[in-house]
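Below you'll find the structure, written out as structure tokens, and then a few comments.
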Amino acid sequence: MANPRVLPQSKETLLQNYNKRLKDDIKSIMDNFTEIIKTAKIEDETQVSRPTQAEQDHYEMHVRAANIVRAGESLMKLVSDLKQFLILNDFPSVNDAISLQNQQLRSLQDDCDKKLTSLRDEIAIDLYELEEEYYSSSYGQWDSNDLPLCEAFRRRDSWASRDSSGSSTQEEREDADGTSSQDTNPQPHLNGHGTATAEKP
């Protein structure tokens, strides 16, 4: 069994004050309600006339009813003060609530992890079946290597880019050969004074 917490002197005094207020308010409500019930009793003839006695009883009932209302409002104020005291000073309860929320969130996280793991396994199985279906079909015959599907597409794209780069290199070489041939065979000028090679004797 857990030991009761030892409160500081100020908090202990405050709780005693709350307890005293509670007892006083409840006692006030009970006493005033009892006196109101007593005034409803019809008594025998006295020296005071009945109209005067009725007026006195009516006034007393109003006063005691007001006392009951005041005690009720004091109890409501006491409830508000107790809530504020618990919010500001009941740290163990706050810590317990935080721990409970953390446990709920961890449980939710574990559940999500399990579902994600199960989903990953199902996707892996489906992907394996799709690869088997692909390799057994006519679309999977272009690559002789038994590669995974993603690797096969990656190599096919690299081969296509390599072919395009090779054709562009061949065109550049042909352009370079044509330029060099024009430099070795100069054309005559328009005015008829073309360059001629010197003849050896």
Side-chain angles (χ1 to χ4, degrees), residues 1-8 10-12 14-15 18 22 75-198 200:
M1 183 176 180
N3 295 326
R5 290 179 295 150
V6 179
L7 297 175
S10 59
K11 294 182 181 180
E12 187 68 26
L14 186 60
L15 289 177
Y18 289 160
L22 176 64
L75 285 175
M76 293 177 65
K77 180 65 168 59
L78 178 61
V79 170
S80 177
D81 292 341
L82 286 172
K83 289 181 179 179
Q84 184 177 1
F85 176 81
L86 289 175
I87 292 173
L88 296 177
N89 300 286
D90 194 8
F91 294 107
S93 298
V94 175
N95 293 333
D96 293 340
I98 293 175
S99 299
L100 179 60
Q101 187 177 9
N102 288 335
Q103 291 178 0
Q104 293 176 353
L105 292 176
R106 288 195 186 96
S107 177
L108 180 61
Q109 180 182 1
D110 294 338
D111 189 18
C112 292
D113 291 340
K114 291 179 181 178
K115 290 181 179 180
L116 289 174
T117 303
S118 177
L119 182 62
R120 181 198 64 187
D121 296 339
E122 292 178 359
I123 291 175
I125 294 173
D126 294 338
L127 182 59
Y128 178 78
E129 293 177 355
L130 288 173
E131 288 182 349
E132 290 293 331
E133 182 66 22
Y134 174 78
Y135 293 141
S136 61
S137 65
S138 60
Y139 295 100
Q141 303 300 323
W142 65 273
D143 194 357
S144 59
N145 298 324
D146 190 8
L147 298 174
L149 189 60
C150 58
E151 182 67 18
F153 277 106
R154 187 182 67 81
R155 291 197 177 186
R156 185 178 66 174
D157 294 338
S158 64
W159 290 342
S161 62
R162 191 182 305 170
D163 293 339
S164 61
S165 62
S167 61
S168 61
T169 304
Q170 183 66 25
E171 291 177 356
E172 291 176 356
R173 289 179 180 176
E174 291 177 356
D175 293 339
D177 294 340
T179 304
S180 61
S181 63
Q182 291 178 0
D183 293 339
T184 55
N185 297 320
Q187 297 294 329
H189 293 289
L190 294 176
N191 55 8
H193 298 284
T195 58
T197 57
K200 294 182 180 180

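- Sequence neighbours left out, the pairs with a member in residues 106-128 that pass side-chain hydrogen bond (donor to acceptor under 3.5 Å, both in side chains) are Y128-E132.
- Taking CD of Q103 as the start and CG of L108 as the end, the distance is 13.5 Å to the nearest 0.5 Å.
- The side chain to side chain contact (heavy atoms under 4.5 Å, CB included) check on L116 picks up nothing, with sequence neighbours excluded.
- In this structure, L22 CG and L82 CG are separated by 8.0 Å, a value rounded to the nearest 0.5 Å.
- Checked against side chain to side chain contact (heavy atoms under 4.5 Å, CB included), L86 has the following partners two or more places apart in sequence or in another chain: D90.
- How far CG of L100 is from CG of L105: 9.5 Å, rounded to the nearest 0.5 Å.
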